[in-house]
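First the structure, in the form of C-alpha cells, and then the observations on it.
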Amino acid sequence: MPANLTPEYRAAADALRRARDPEVRLECLREMLRVIPKHKGTDHLQGDLKRRIRELEEELAGPRKGGARSGPALVVRPEGAAQVALLGPPNSGKSLLHSRLTGSGAKVAPFPFTTLYPEPGMMTVEDVQLQLVDLPPLAARHPVNWIGSTLQSADAALLVVDIADPDSVQQVEEVRSELAARRVGLTPRWPADPPGEGLAEEEDDPFFHALPALLVANKADLDPDAASDAAALEDLAGLDYPVLVVSAETGAGLEALGPWLFRRLGLVRVYTKAPGKPADHGRPFVLRPGATVADVARLVHRDLADHVRFARLWNATHSGHHAGRDHPVADGDVIELHA
Ligand SMILES: Nc1nc2c(ncn2[C@@H]2O[C@H](COP(=O)(O)OP(=O)(O)OP(=O)(O)O)[C@@H](O)[C@H]2O)c(=O)[nH]1
Ligand SMILES: [Mg+2]
C-alpha cells in the first residue's frame with residue numbers, strides 16, 4: 001500500500017478486510033474510493049477500487065436479460081455461522097462431498113469440469129449451520145476469472161484432492177497459483193489456533209484474502225495408504241495444511257469434518273435468556289473468537305450494543321455472575337443482557 005494513505009483510508013481498508021457480506025463490502029469499497037487521497041501516486045489504486053466497485057455492483061444487481069452479464073449468481077450471500085468454499089482440481093470429488101454433507105444434489109460426474117457455477121448448501125453441526133459452497137475446479141487450462149470475487153465472502157476453504165491420483169502435487173500447485181493470480185491465499189492457520197506467524201508480507205494489500213485451509217484427502221477408498229500419501233503430497237508441494245482423510249463415496253471420515261470445522265473456526269455459541277425465564281436453547285447466537293457481551297447484544301438487536309451495561313452469565317463455573325460489556329464470551333455460555 002502506498003505510504004501516504006490517510007488513517008481514514010486505512011480504517012475503511014480494515015473494515016473491508018473484516019467484512020464478508022457483499023453489500024457491506026461494497027460500502028467499504030465506496031468509502032475507500034471516497035476518502036482516498038486523489039493524486040498521481042494513487043491512480044492505480046483508484047482504478048482498482050473503481051473496477052471492484054463496478055464488478056460487485058453488477059454481481060449484486062443479479063442476472064439481467066440482455067445486460068452485461070446474464071446467468072447464475074457468482075456471489076454467494078453468506079448464511080449460517082460461516083461460509084466454507086470447496087476448492088480443488090477437476091474431478092477430485094468436491095461435488096460428491098458437497099452433496100453428501102449438505103444434501104444439495106450437486107451434479108457429480110466421472111469426468112472433469114462438471115461444476116460450472118457456485119452452488120451453496122447448508123451443513124448442520126450440532127445446533128449450528130455452516131454454509132458449504134461447491135465451486136468449479138481450478139486448473140491452469142481452465143481459468144475461472146470470477147473466483148476471486150466469489151471467495152471474498154468465504155471464511156475458510158476445503159482443498160479437496162483425489163489422493164489416489166499421482167498428479168495431485170502438480171494439481172495442487174495449479175490450484176494455488178490460480179488463486180494467487182487473484183490475490184487469494186490458502187493458509188494453514190485457523191482462527192482457533194494460538195497466535196503466531198501470519199501472512200505478514202501480504203498484510204499491506206487490502207485486497208489480499210487469506211483463507212484458512214484444510215487439505216481433504218478424498219477417495220481414500222481407492223488408496224490404502226491415503227494418510228501417508230497425503231503427508232507425502234504436502235512434503236512435495238511444500239505445504240503444511242491440516243489434513244483430513246475421507247471418502248465421499250463410502251462416507252468414511254466425513255463425520256469428523258463438521259466438528260473439525262466448528263472447532264478450528266473457533267465458533268462460540270451463546271444462548272440468551274430473559275430475566276426469570278429459562279435459556280433459549282433452540283437457537284444459539286454464533287460468534288467468532290474474542291467476541292464480547294457487547295457483540296452478543298449487537299446480534300440480538302443492532303441498537304442494543306450501545307445500550308447494554310452488563311450481562312449475567314451462566315456456564316460451568318459461573319451461575320448468574322455479572323459480566324461487563326467487554327467480557328469475552330465462551331462456547332456454551334448462557335447470558336441475560338441488561339441495558
Ligand atoms: N471412489 C471414489 N470416487 C469418488 C469419490 N469422490 C468422488 N468420486 C467420483 O469422482 C468423480 C468426480 O466427482 P465430482 O464430485 O463430480 O468431482 P468434482 O471435484 O466436483 O469435479 P469438477 O466439478 O469437474 O471439478 C465422480 O465419478 C465421483 O463419483 C470417492 O471418495 N471415492
Ligand atoms: Mg464438481
Side-chain angles (χ1 to χ4, degrees), residues 71-76 83-123 130-148 150-151 154 156-179 181-182 184 186 211 213-233 237 241-258 260-261:
L74 305 178
V75 165
V76 180
Q83 187 184 70
V84 180
L86 287 166
L87 297 175
N91 214 44
S92 64
K94 299 176 295 299
S95 297
L96 186 56
L97 266 175
H98 189 264
S99 182
R100 287 281 161 127
L101 294 166
T102 70
S104 65
K107 190 169 174 204
V108 172
F111 44 80
F113 302 108
T114 303
T115 305
L116 299 176
Y117 300 106
E119 167 94 29
M122 300 306 287
M123 168 170 71
L130 299 179
Q131 186 179 42
L132 287 191
V133 183
D134 189 20
L135 290 163
L138 298 176
R141 66 188 186 282
H142 190 268
V144 182
N145 293 319
W146 44 265
I147 199 76
T150 303
L151 290 174
L158 302 181
L159 176 54
V160 182
V161 298
D162 173 350
I163 201 60
D165 187 332
D167 285 339
S168 52
V169 174
Q170 168 66 27
Q171 291 170 348
V172 164
E173 275 164 8
E174 283 189 30
V175 169
R176 283 164 39 89
S177 71
E178 287 300 301
L179 291 172
R182 293 165 184 89
V184 175
L186 300 181
L211 287 173
L214 170 68
L215 183 79
V216 177
N218 188 35
K219 307 201 188 183
D221 57 297
L222 302 179
D223 179 0
D225 303 318
S228 59
D229 284 347
L233 163 66
Y241 301 122
V243 176
L244 197 68
V245 174
V246 305
S247 167
E249 178 69 30
T250 67
L254 289 189
E255 70 294 338
L257 189 61
W260 193 98
L261 288 171

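Note that ligands are numbered from 1 as they come in the structure, with each ligand's atoms numbered from 1 the same way. Positions are given from 1 along the sequence.
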> Of the protein's non-hydrogen atoms, which lies at the shortest distance from atom 6 (N) of ligand 1, and what is that distance?
Replying inline: Asn218 ND2, 3.2 Å

> Going through the checks in order, is the side chain to side chain contact (heavy atoms under 4.5 Å, CB included) test met by Leu233 and Leu215?
Replying inline: CA-CA 10 Å; Leu233 163 66; Leu215 183 79; 4.0 Å; yes

> Atom CD in Glu249, atom CG in Leu97: separation rounded to 0.5 Å?
Replying inline: 11.0 Å

> Counting distance only, does the side-chain N/O of Thr150 pair as donor-acceptor with the main-chain N or O of Leu74 below 3.5 Å?
Replying inline: yes

> Do any nitrogen or oxygen atoms of Gly93 lie less than 3.5 angstrom from nitrogen or oxygen atoms of ligand 1?
Replying inline: yes

> Considering only the protein, which heavy-atom contact is closest to atom 31 (O) of ligand 1, and what is its distance?
Replying inline: Ala248 N, 2.9 Å

>> Could you check whether any side-chain N or O of His98 sits under 3.5 Å from a backbone N or O of Glu119, counting only pairs where one atom can act as donor and the other as acceptor?
In response: yes

>> Tell me the protein heavy atom at minimum distance from atom 24 (O) of ligand 1, and give that distance in Å.
In response: Phe113 N, 2.7 Å

> Which option out of Val108, Val161, Leu86 puts a heavy atom nearest to atom 29 (O) of ligand 1?
Replying inline: Val108

> In chain order, what residues pass the salt bridge (charged side-chain N to carboxylate O under 4.0 Å, His left out) check against Arg100, with sequence neighbours excluded?
Replying inline: none

> How far is atom 19 (O) of ligand 1 from its nearest protein heavy atom, and which residue and atom is that?
Replying inline: Lys94 NZ, 2.7 Å

> Can you name the residues that form a salt bridge (charged side-chain N to carboxylate O under 4.0 Å, His left out) with Asp229, not counting sequence neighbours?
Replying inline: none

>> Check the orientation of Tyr117 and Trp146. Use parallel for under 30°, tilted for 30 to 60°, and perpendicular for over 60°.
In response: parallel

> Any N or O on Lys219 sitting closer than 3.5 Å to an N or O of ligand 1?
Replying inline: yes

> What's the verdict on side chain to side chain contact (heavy atoms under 4.5 Å, CB included) for Val245 and Ile163, showing C-alpha distance, side-chain angles and the deciding distance?
Replying inline: CA-CA 9 Å; Val245 174; Ile163 201 60; 5.9 Å; no

>> Which residue and atom name correspond to the protein heavy atom nearest atom 21 (O) of ligand 1, and how close is it?
In response: Asn91 N, 3.1 Å

> Near Pro112, which atoms of ligand 1 are under 4.0 Å from a heavy atom of that residue?
Replying inline: 24 (O)

>> Closer than 4.0 Å to some heavy atom of Leu222 - which atoms of ligand 1 meet that?
In response: 1 (N)

> Would Leu257 and Leu158 satisfy side chain to side chain contact (heavy atoms under 4.5 Å, CB included), going step by step from the backbone distance to the final call?
Replying inline: CA-CA 10 Å; Leu257 189 61; Leu158 302 181; 3.9 Å; yes

> Rounded to the nearest 0.5 Å, what separation is found between the CG atom of Asn218 and the OG atom of Ser168?
Replying inline: 11.5 Å

> Where the side chain of Tyr241 meets the backbone of Leu186, is there a donor-acceptor pair that is under 3.5 Å apart?
Replying inline: yes

> Among all protein non-hydrogen atoms, which one is nearest to atom 32 (N) of ligand 1, and what is the separation to 0.1 Å?
Replying inline: Asp221 OD1, 2.7 Å

Output a table of donor-acceptor pairs, distance under 3.5 Å, between side-chain atoms of residues 130-140 and any protein atom two or more places apart or on a different chain; print 'none' if there are none.
unit_1, atom_1, unit_2, atom_2, d
Gln131, OE1, Glu79, N, 3.1
Gln131, OE1, Gln83, NE2, 3.0
Gln131, NE2, Arg77, O, 3.2
Asp134, OD2, Ser95, OG, 2.5

>> Looking only at distances, can you tell me whether any N or O atom of Pro90, backbone or side chain, sits closer than 3.5 Å to an N or O atom of ligand 1?
In response: no

> Which atoms of ligand 1 sit under 4.0 Å from any heavy atom of Thr115?
Replying inline: 20 (O), 23 (O)

> Near the Mg ion (ligand 2), which protein N/O/S atoms are found at less than 2.8 Å?
Replying inline: Ser95 OG, Thr115 OG1

>> For ligand 1, which is the ligand I care about here, please tell me if Leu96 has any N or O atom under 3.5 Å from one of the ligand's N or O atoms.
In response: yes

> If hydrogens are left out, which of Gly251, Ala217, Ala109, Pro110 has an atom nearest to atom 16 (O) of ligand 1, that is, the closest non-hydrogen atom?
Replying inline: Ala109

> Is a side-chain donor or acceptor of Lys94 paired with a backbone partner of Pro89 at a separation under 3.5 angstrom?
Replying inline: yes

